[in-house]
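Remarks on the structure that follows.
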There are 2 protein chains.
Amino acid sequence: MRSPDELSEFLRANGLKATPQRHAVFEALHRESGHPTADDIWARVREQMPTISLRTVYQALHDLVDLGEARIVTVGAGAAQFDRNTEQHDHFVCRKCEAIFDVVSSRPRLMSGFPDVADVELPATDGSGPSGARSDVVEPAANFQIETAEVIFRGLCAPCGG
Amino acid sequence: MRSPDELSEFLRANGLKATPQRHAVFEALHRESGHPTADDIWARVREQMPTISLRTVYQALHDLVDLGEARIVTVGAGAAQFDRNTEQHDHFVCRKCEAIFDVVSSRPRLMSGFPDVADVELPATDGSGPSGARSDVVEPAANFQIETAEVIFRGLCAPCGG
DNA sequence: GCAATAGCTAACAAAACTTGTTAGTTGCCA
DNA sequence: TGGCAACTAACAAGTTTTGTTAGCTATTGC
Ligand SMILES: [Mn+2]
Ligand SMILES: [Mn+2]
Ligand SMILES: [Zn+2]
Ligand SMILES: [Zn+2]
């Protein structure tokens, strides 16, 4: 987590102005627990800055994503959820309350060497290009370059009686 | 993959009528390669059944999902993508062409015993309920019931120069 | 076969989320 | 202090998905 001063510097270093709005969105993202939506952030920021527009919140959030200071997590339909945690980590999604929890330590336990996987089996592409990717013909494909990997666990969270 | 006759029986056994539309959607889902959207299926079905409505396609697809004959994969924003493969498997998403590939065999290789994970570390919930789930306090939480798990690999696919 | 009714189509409406746009104002910073 | 990035307001609009209604079709249990 970057400090406000560091953020100003960082923004300027990337050709962006260090505006109070960007600071407010950044801080809201870090104060907010879990994986807030743009709307959540908007509500939080408006407590201190009532005039900020939702448009600006979206813009600032995407700026942060572009700068690598936030991520977007996608675990289903609905509004995009932002994640201040840019470290490699996994998620648990409750099927009842739909809350998202960070899952730590599953990576080293379950998948040693992950994601430096060299020989994962991937489907052949039958020469018809990306859109023709088939899932019935399978053979080792070393020329698939895996850059990231994330595990999504689903089930019942503790508060919901898991 | 269920045969047409089996599908008719299966639909009736679940209190649904075996209509030509449901058959057409089912067959289009199996003819279509990869992970088509409702719109993709609609286009495919209309080749043989020009009058079918998109509304009916959505309904039929959701019927199939409810019956366990299809899944919805979520790997990002945009339209939902349907998956005829209801076996447990993972996905590779190309960051360039955004194609989705099935990944097989990664499970047994990378994660033995998966997903029967008993002791994954999950965040504590600090007593504030689901919405107050925090991601900074972490402790073992055996009372999170993991039911499914999926790995999403991202990177460059072979056709895109991976 | 027949009748009951689930399901289909058409035709919109609308919700939900996100982005585009424009014009006028503010304020960051070189 | 001036230039211009950025903000706000106010909409419009695109996308995806679901809701709704009315009338017609066709499946299925009998
Ligand atoms: Mn997270
Ligand atoms: Mn799949
Ligand atoms: Zn829950
Ligand atoms: Zn690709």
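Any value given below was found using the heavy atoms of this structure, including those in side chains, with hydrogens, waters and symmetry copies removed. A note on names: the letters A, B, ... follow the listed sequences, proteins ahead of strands, and every chain is numbered from 1.
- One finds a side-chain N or O of B/Thr56 lying less than 4.0 angstrom from the OP1 or OP2 phosphate oxygen of C/dT9.
- The distance from atom CG of B/Asp63 to atom C1' of D/dT27 is 15 Å, rounded to the nearest whole Å.
- Among the candidates A/Val73, A/Asp90, A/Val93, A/Thr74, the single residue satisfying the side-chain contact (heavy atoms from CB on, under 4.5 Å) test with A/Ile152 is A/Val93.
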Nucleotides 25-29 of chain C: which of its N/O atoms have a protein N/O under 3.5 Å away?
unit_1 : atom_1 : unit_2  : atom_2 : d
C/dG27 : N2     : A/Lys17 : NZ     : 3.2
C/dC28 : O2     : A/Lys17 : NZ     : 3.4
C/dC29 : OP1    : A/Arg12 : NE     : 2.9
C/dC29 : OP1    : A/Ala18 : N      : 2.9

| message | I'd like to know whether A/His35 forms a side chain to side chain donor-acceptor pair (under 3.5 Å) with A/Asn85, so could you lay out the CA-CA distance, the side-chain angles of the two residues, the decisive distance to 0.1 Å, and finally the verdict. | response | CA-CA 9 Å; A/His35 303 80; A/Asn85 185 355; over 6 Å; no
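- With a 6.0 Å radius and a threshold of 12 heavy atoms from other residues, nucleotides or ligands, A/Glu87 has its CD atom at or below the threshold.
- The CG atom of B/Asn14 sits 12 Å away from the P atom of C/dG7 (whole-angstrom rounding).
- For the OP1/OP2 pair of C/dT9 and a distance below 4.0 Å, the side-chain nitrogens and oxygens of B/Gln21 include at least one atom meeting the criterion.
- The CG atom of A/Leu11 sits 10 Å away from the P atom of D/dC7 (whole-angstrom rounding).
- Straight-line distance from the CZ atom of A/Phe26 to the P atom of D/dA6: 18 Å, rounded to whole Å.
- The two residues B/Gly155 and B/Phe92 come nearest to each other via the heavy atoms C-CZ, 3.7 Å.
- Note: A/Ile41 CD1 to A/His30 NE2 = 9.5 Å, rounded to the nearest 0.5 Å.
- Residue B/Gln59 contributes atom CD, which lies 13 Å from atom C1' of D/dT21 at whole-angstrom precision.
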Atom pairs under 3.5 Å: protein N/O with N/O of nucleotides 17-19 of chain C:
unit_1 : atom_1 : unit_2  : atom_2 : d
C/dT18 : OP1    : A/Ala80 : N      : 2.6
C/dT18 : OP2    : A/Tyr58 : OH     : 2.3
C/dT18 : O5'    : A/Tyr58 : OH     : 3.2
C/dT19 : OP2    : A/His62 : NE2    : 3.2

| said: Please evaluate residues A/Thr37 and A/Asp40 with respect to the criterion side chain to side chain donor-acceptor pair (under 3.5 Å), reporting the C-alpha separation (whole Å), side-chain torsions for both, the decisive distance (0.1 Å), and the verdict. | reply: CA-CA 5 Å; A/Thr37 64; A/Asp40 293 334; 3.2 Å; yes
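- The shortest heavy-atom contact between B/Leu29 and B/Ala70 is CD2-CB, 3.8 Å.
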Quick one: side chains of residues 51-62 of chain A, donor-acceptor pairs under 3.5 Å with protein atoms, not counting sequence neighbours, listed by atom name and distance.
unit_1  : atom_1 : unit_2  : atom_2 : d
A/Ser53 : OG     : A/Thr56 : N      : 3.2
A/Ser53 : OG     : A/Thr56 : OG1    : 3.0

| message | Using the rule given for side-chain contact (heavy atoms from CB on, under 4.5 Å), can you reason through A/Val75 versus A/Gln81, listing the C-alpha separation, both sets of side-chain angles and the distance that settles it, and then say yes or no? | response | CA-CA 9 Å; A/Val75 295; A/Gln81 291 173 269; 4.3 Å; yes
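- Counting to the nearest Å, the P atom of C/dC8 and the CG atom of B/Leu61 are 12 Å from each other.
- Residue B/Asp40 contributes atom CG, which lies 15 Å from atom C1' of D/dT15 at whole-angstrom precision.
- Residue B/Met49 contributes atom CE, which lies 12 Å from atom C1' of C/dT9 at whole-angstrom precision.
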